[in-house]
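Inspection log for the structure reproduced underneath, given as structure tokens.
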2 protein chains.
Amino acid sequence: MKLSEFETEVLQVFWQHPKASAPSVHKIITNNKAVTYSTVKTIIDRLEKKGALQRVDQQGRTIFYAPTASADSMRKPMLNNFINKVFAGDSRLLMNHLLENDSLSQDDLDYLNKVANKNKATE
Amino acid sequence: MKLSEFETEVLQVFWQHPKASAPSVHKIITNNKAVTYSTVKTIIDRLEKKGALQRVDQQGRTIFYAPTASADSMRKPMLNNFINKVFAGDSRLLMNHLLENDSLSQDDLDYLNKVANKNKATE
DNA sequence: TATTTATCTTGACACTTGTAGAGATAGCGA
DNA sequence: TCGCTATCTCTACAAGTGTCAAGATAAATA
């Protein structure tokens, strides 16, 4: 199931708010980006058609949607694809970027250390 | 400069082989994917038009291209965009996936540990 | 030199994506 | 009950994307 940039962004909102309606997602999206309700609704429709969202409830005229798969299970192949596409399939290269950028706080690094060591212990 | 999926893939090849020609890139790409020379050349043309590639040499009729920017400098914003789009801007979430998947070897983990610690020391 | 061949250029096309307006209509409040 | 309003549905369109064939032509080779 191939999703476009914007479709991914919208699905993202649903990962954060499972069971959301088009109007509410529109409100959230508009925090970052100026788009009309129609646009967001179209994207939701496409996500539904692609099988990434499903209707799970209805209140009045308002339809509520939810992701059909967990964020984790969708992120996995996306990450893989990204690593292949941008980092020549080399996760270590990605890590390096993560570490070089200031994107990780000291806290993150500590956390990283802990997990990396834990993995080591259990192998 | 926004690049499409396939454009990114092709640019990737140039990061690995700076100064490459359309025919040679075509050969490389066809290892993974069945596409004609024309298709690859079109993508290269578009990358040139977008300013990601430039002509740097010519031998006979064969034109050689090279990336206009370093892999690193292009990867940075791409990674950022990806983290925002798929991981809600949370790099830690990304790391978790990296660690959970078997995408990292023990060797990678050791390496990770070393770097994370080094960063710690210098902060 | 004449011919073959490799490479480039151009044009094309269907599909996807981002974007949104117009119109229908169900439900809520007066 | 009746009109207003929020929400949905439908339709549309320009630009971007993946894909390639046909034709031109320069260079290599016979």
Item to check | Any D72(A) side-chain heavy atom under 4.5 Å of K76(A) side chain | outcome: no
Item to check | Listed partners of E9(B) passing salt bridge (charged side-chain N to carboxylate O under 4.0 Å, His left out), at least two apart | outcome: none
Checklist entry - Mind checking what makes salt bridge (charged side-chain N to carboxylate O under 4.0 Å, His left out) contact with D57(B), not counting sequence neighbours? => result K19(B)
Could you state the [atom1]-[atom2] distance from [X] to [N], rounded to the nearest angstrom?
X	N	atom1	atom2	answer
I44(A)	dC10(D)	CD1	C1'	16 Å
Q58(A)	dC28(C)	CD	P	11 Å
K2(A)	dG18(D)	NZ	P	8 Å
L11(B)	dG18(D)	CG	P	13 Å
L47(B)	dG16(D)	CG	P	14 Å
D45(B)	dA12(C)	CG	C1'	15 Å

Quick one: list whatever passes side-chain hydrogen bond (donor to acceptor under 3.5 Å, both in side chains) with [X], sequence neighbours left out.
X	answer
K27(A)	none
E48(B)	R55(B)
Q58(A)	none
N84(A)	none

Next on the checklist: I want to check a possible cation-pi pair here: K33(A) against F6(A), using under 6.0 Å from ring centre and within 45° of the ring axis as the test.
Outcome noted: yes
Item to check | Set of side-chain contact (heavy atoms from CB on, under 4.5 Å) partners for S38(B), sequence neighbours left out | outcome: T36(B)
Checklist entry - Any side-chain N or O of K49(B) under 4.0 Å from OP1/OP2 of dG16(D)? => result no
Checklist entry - Given dT17(D), is OP1 or OP2 found less than 4.0 Å from the side-chain N or O atoms of K50(B)? => result yes
Pairs under 3.5 angstrom, nitrogen or oxygen only, protein versus nucleotides 18-21 of chain C, please.
residue	atom	partner	partner atom	Å
dG18(C)	OP1	F6(A)	N	3.1
dG18(C)	OP2	S4(A)	OG	2.5
dG18(C)	N7	R46(A)	NH1	2.8
dG18(C)	N7	R46(A)	NH2	3.4
dG18(C)	O6	R46(A)	NH2	3.1
dT19(C)	OP2	K33(A)	NZ	3.4
dT19(C)	O4	R46(A)	NH2	3.4
dA20(C)	OP2	T36(A)	N	3.3
dA20(C)	OP2	T39(A)	OG1	3.1
dA20(C)	N6	T42(A)	OG1	2.8
dG21(C)	N7	S38(A)	OG	3.1
dG21(C)	O6	S38(A)	OG	2.9

Listing time: all N or O pairs from protein to nucleotides 1-7 of chain D that are below 3.5 Å?
residue	atom	partner	partner atom	Å
dT7(D)	O2	R61(A)	NH1	2.1

